[in-house]
Each structure stands twice: as C-alpha cells, then as structure tokens.
Amino acid sequence: GYGHTVPLSDGGKAFCIVYSVIGIPFTLLFLTAVVQRIIVYVTRRPVLYFHIRWGFSKQIVAIIHAVSLGFITVSCFFLIPAAIFSVLEDDWNFLESFYFCFISLSTIGLGDYVPGEGYNQKFRELYKIGITCYLLLGLIAMLVVLETFCELHELKKFRKLFYVKKDKEEDQVHIMEHDQLSFSSISDQAASMKDDQKANEPFVTSQSPTSNDSSLNN
C-alpha cells in the first residue's frame, strides 16, 4: 500500500478496513494457487526433463535452472522496467527507477516514489493500468523464483537446521500413553457391551432342589 490516495471520510476508512480484511487473504490465496500451478511447468518439469533425457545430475540441473530463472526475472522485472521508468518519468534516473521496482516487488511499498503522478503525464489512466499489471506479474515472478530456490536440496538441508527436534524418549512416552488410552477405551467399551447384553437377557427362574426331589418321589 503506497501512494498519495487515501480515504478521508469515516465511511471510506471503514470500507477500506473491511475491503482489506477480505481482499488481502483472497489475494494471498490467489497468488499461492497461481504460483503452485506455474512452478510445475516452469521449474519441476524442465528439471526432470534434463535429468531424465540427458542424464545430468538433478541437483546440478536444479541449481543452474534456479540461477538462470533468477537472472531472467531480474532482467525482465527490474532492469528493463527501470530503464522504461527512467524514460517515462521526467524526475527519475535509473537508480531511482530501479529502487521503485525493488521496493514495489519486495512488498515493502514505502510510497516515496509513485509513477504517473505528473500533471503532464500522457495516457495517465492507461499508464496506471499497465503499472498495476506489471506489479501483479512481478509479484508472481518473485514468488516463483523464491519457491524454486526453496526446492533446492542444499536449501532444504539449511532449513532443517532451524527445525525443532523432538526427543525420542518424549515421542515414546506419547506413543505409550496413546496406546494405554486406546486400550483402556477398548476395554471400557467391551465391559459396557457385556453389561448391555446381560441387561437384555431374559430372566430365568431357578428351581429349588427340594421341589425337584419331591417331583422325583412322586
């Protein structure tokens, strides 16, 4: 969120809050879904193709692919747009244009540089729409590159250093407690079933031995 356009009325501020609560999670879900589908065709299939077809090591192919994808992304979404912004914006040089691209695509969004704010800007509405599309595509490209680097085998080993390790003794205690609870629950269920069966059985009147002897004597 950067720029000079802000809500001033109370209704506009309330609408901005509600819209942000709904829009931000939806945008994150949308970006995640798009990135998960793109990375299959951009990263995983090319790496598997060179690994299976040409017999190269999968780790080496993944590293070369990640570096190449990062270089292409920096060129297409940082260097080339920075050169374009330096031409379209009268007050920006190449460094300021590159700074705007980096601040925007890294989701920092300070708002100190906003394109299309000049009064003599030609095709301002179309220019704003183009910037919006550039930012959206740039965010997707950045997420694809980050996901590609996160799938590298070396980075997976590095991330495991920060995982919380559980003690085996604690795990065994939890398993034994779970087994004891499950066994006790099964025994309780069996006892209750026996009680129900006894309750449902018909009552049988037992005859006394004296009555049986008298019937035999007769």
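All of these numbers come straight from a predicted model, not from anything done at the bench.
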If the condition is side chain to side chain contact (heavy atoms under 4.5 Å, CB included), which residues does [X] pass it with, not counting sequence neighbours?
X: T32; answer: Q36
X: F98; answer: F78, L79, A82
X: F15; answer: Y19

Hydrophobic cluster mates of [X], side-chain heavy atoms under 4.5 angstrom, ILVMFWY only, any path?
X: F56; answer: V47, Y49, F50, W54, V61
X: I24; answer: L28
X: L29; answer: none
X: L146; answer: none

Minimum heavy-atom distance [X]-[Y], with the two atoms named:
X: L152; Y: I63; answer: CD2-N, 3.8 Å
X: L69; Y: T43; answer: CD2-OG1, 4.1 Å
X: L135; Y: S104; answer: CD2-CB, 3.6 Å

Same cluster for [X] and [Y] if Ile/Leu/Val/Met/Phe/Trp/Tyr side chains link at under 4.5 Å?
X: V34; Y: I39; result: no
X: F94; Y: I84; result: yes
X: L137; Y: L105; result: yes
X: I17; Y: I22; result: no
X: V87; Y: I131; result: no

Out of curiosity, [X] [atom1] to [Y] [atom2], how far, rounded to the nearest 0.5 Å?
X: F77; Y: I140; atom1: CZ; atom2: CD1; answer: 8.5 Å
X: S106; Y: L139; atom1: OG; atom2: CG; answer: 9.0 Å
X: F85; Y: C101; atom1: CZ; atom2: SG; answer: 5.5 Å
X: I129; Y: R124; atom1: CD1; atom2: CZ; answer: 13.0 Å
X: E96; Y: D112; atom1: CD; atom2: CG; answer: 9.5 Å
X: L136; Y: L31; atom1: CG; atom2: CG; answer: 6.5 Å

Here the side-chain hydrogen bond (donor to acceptor under 3.5 Å, both in side chains) pairs for residues 59-82, sequence neighbours left out, are none
Applied to residues 125-141, the side-chain hydrogen bond (donor to acceptor under 3.5 Å, both in side chains) test, sequence neighbours excluded, yields E89-Y127, E117-K128
Those residues at least two apart in sequence (or on a different chain) that pass side chain to side chain donor-acceptor pair (under 3.5 Å) with S97 are none
Residues at least two apart in sequence or cross-chain that pass side chain to side chain donor-acceptor pair (under 3.5 Å) with S86, listed by chain then number, are none
In short, salt bridge (charged side-chain N to carboxylate O under 4.0 Å, His left out) pairs touching residues 137-151 with sequence neighbours left out are R44-E151
| Using 30° and 60° as the class limits, which term best fits the ring planes of W92 and F100: parallel, tilted or perpendicular? | tilted
_Would you say that more than 12 heavy atoms from the other residues, nucleotides or ligands in this model lie under 6.0 Å from the CZ of F102, or not?_
no
